[in-house]
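All values reported here derive from a predicted model rather than from experimental measurement. The chains referred to below are lettered A, B, ... by the order of the sequence lines, with proteins before strands, and numbering in each begins at 1.
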Amino acid sequence: MNTGKIYRQLLFYEVKKCLRTPWLPVFVVFLLLLNGWKLNQSYRKAMSIREESEELYEDFYSQWKGTITEENVRELMKIYAPLKKNAERMALSSQGGSGTYTSTERQDYMFFASQFAEEMEYDYLYSNQAVRTANNAYSLVMLFRETGNSYEVRKNTLIYRQFAERSIPGFSDTKYLEVWFQHDYSSLLIVLLCVFCLSGMFVEEKESQMFMLLRTTPGGNKTTYLAKMTVCFAFILVISFIFYFEDICILQGLSGHADALSSPVYALRPMESGAFSMSMLSFIVWSYGVRLLGLMCIGSTVLLISCLCTRTLSVFAISTAILLAMSYMQAALRQWYVINLANPMELLMIRRAASVCEYVNFLGYPMLKTTGVIIGGVMYLLLMQLLVYRTNPGHLLKR
Amino acid sequence: MKVSLSNISKKYGSKVVLDDVSLELKEGVHGLLGTNGAGKTTLINILMGVTSKNRGRICIDGQDIKDMGRSFLSCVGYLPQAPLFYKDFTVAEFLRYMGALKGMDKDVCEKRIPELLEIVNLIPDAGKKIGALSGGMRQRVGIAQAVLNDPGILILDEPTAGLDPRERIRFRNLITQFSEGKVVVLATHIVSDVEYIANNIILLHEGKLVKTGDPKQLEDEMDGRVWELSLNDSDVPVALLHNTISNVTRQETGIRMRIVSETRPHEAAVKVKPNMDEVFLYHCGEDPA
């Protein structure tokens, strides 16, 4: 008997069972539209100043993007310095007229400050700030070396290495990526879809009394488990890719610029103190991978509940309650990070762990908190898979 | 093919569900008869490997099923108690799925499905969803899936439960049709299910094997223990009601009773030929309720 052949045939039927709800594609499209609408709202809110002066922004952006040269700074300051000087006065009375770029002088000031001056200043001065952080870490290395605290020495050496060489090579539009960075709505919708579609995966074998036939057929035990797992993970992979790809496509489309994708990830303000130095594009791909791991953990949790319950509705209710509890714990117990290391929600919100350069003491060696969260996620996934395998209704006892 | 069960015992906590059951099952229909809770389903589940046993050995043609691994499952067809199957699958689709689970070649399966649907009279319903089928039709789908890979052993657990008399008779005929060259184990608590089609009756009571033999032999062994008598309602002594009464029929002048008893229960009682109900009552006792 060819197990591979049985497995391939079973895949087809497991896909059919998983996607048997005829209106699932409609539901997915509806959620995609909802996600797109929400993303558009967030973008518009973040870009409210730029929205009315889109063309103006494009003109200046094309002029000043890339390497921050003295000439670019001089040109910006020629416009921005007088506006800044009069900023206090303009707060009380602002004049409109032909001499302004936008509707009023006050609006001009707000526009140039938020879209160019502050951004370019951040990019330009980041290397100085990174050097300061590196120097502080170096001082701490010296101090702890004297006191004999080897863990702190190792930790601060790592911090020193991470920050010593940092710089942002040029100015680029990162605002839309900040919107992406804060956008958790797509993850919420994917989790909802996972609960919805995976709840019945194992419990339906009990509801239909099919588990007895699964246990007593050559392909009903391990092969069916493998086919179900493949379908489950493929479902999560495809759905998450569609939603996360939608996020980046919509924002990319709204912004119209792709220059920031090659900038280092710390060019994003929320990632200023993060431990990562990879490019923005690499970070997007990396965070997709980590969130995918989190979704697989969540999917496995739903599957385990599906193995233990006898009614689909119970699985749906219990899964939702457990995921809400995990979500609450992730937010409420942020200080107790050891507890959250095994919380899949931490993987979905990986930006929180990635935006700080925090270390966990692992056997006397500093381990990046993000690494700890990923290792915790992998362990959680393996444990869930073991439990699902042992408790799935088709699992055959040893004779 | 021969299935041997030796000294099978099963306990749930301190409750003994099967106590040292040994059986030899050769080709033919074996009616596993017992009251509810007698241990029929447990014995079948142990045979199928769904439930573990505390003691004993199961062999097929002398080979322990422990050593056979998954190949054991390929030679067994099984119809569990009250299956619902996937209500969103059509009949043909479900049989194809079962073919895949049984590791059948796709072409062989495609050829076998119409043949079986023809036998179980479900050709017109092949495209219907299982959720839309009646209980009897679903059971016919159940037996079709059980014999899909033409197994040497066919195990049917309470297959006629909940079926109307017409479907029950139809189902019995199907079992006979499929039993050729197979070891068929038919577990039931309905005597008439096995009375006419079983070559061998296995009586199980409170986890113990109480009697086994062909129906005629078992009935013959009961000769002289079944009595019939007709009495007026007012003439029925209370003591008579303490006997095992297998049947009571009301007549114009009173009642006619069939009684299972070692001795003549009443001077008006006459010996009659026992039937399988009485064999069952004699060995498995009356329901205490």
Atom pair [atom1]/[atom2] of [X] and [Y] - distance to nearest 0.5 Å:
X	Y	atom1	atom2	answer
B:F89	A:K17	CZ	NZ	5.5 Å
A:M212	B:L79	CE	CG	10.5 Å
B:F85	A:M210	CZ	CE	7.0 Å
B:M48	A:R215	CE	CZ	11.5 Å

[X] versus chain A, the contacting section by heavy-atom distance below 4.5 Å:
X	result
B:N45	side chain
B:A82	backbone
B:M98	side chain
B:Q145	side chain

Residue [X] excluded, over 12 heavy atoms near [atom1] under 6.0 Å:
X	atom1	result
B:M1	CE	yes
A:L313	CG	no
A:K206	NZ	yes
A:F245	CZ	no
B:E115	CD	yes

* Step by step, would you call B:R96 with A:Y13 a side chain to side chain contact (heavy atoms under 4.5 Å, CB included)? -> CA-CA 9 Å; B:R96 274 186 219 115; A:Y13 292 104; 3.1 Å; yes
What pair of heavy atoms forms the shortest contact from [X] to [Y], and how long is it?
X	Y	result
B:Q81	A:Q209	O-OE1, 4.4 Å
A:I6	B:A100	CG2-O, 3.2 Å
B:Y78	A:L213	O-CD2, 3.3 Å

* State which residue, out of A:T223, A:T216, A:N221, A:T224, fulfils the side-chain contact (heavy atoms from CB on, under 4.5 Å) condition with B:L101. =>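 Looking at A:T223, A:T216, A:N221, A:T224, the match for B:L101 under the side-chain contact (heavy atoms from CB on, under 4.5 Å) is A:T224.
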* Asked: Side chains of B:V50 and A:F211: closer than 4.5 Å at any heavy-atom pair?
  ->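 They are not in contact (no side-chain heavy atoms under 4.5 Å apart), so the answer is no.
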* Asked: Run the side chain to side chain donor-acceptor pair (under 3.5 Å) check on A:E207 and B:Y86 step by step: do they pass?
  -> CA-CA 9 Å; A:E207 282 181 321; B:Y86 303 117; over 6 Å; no
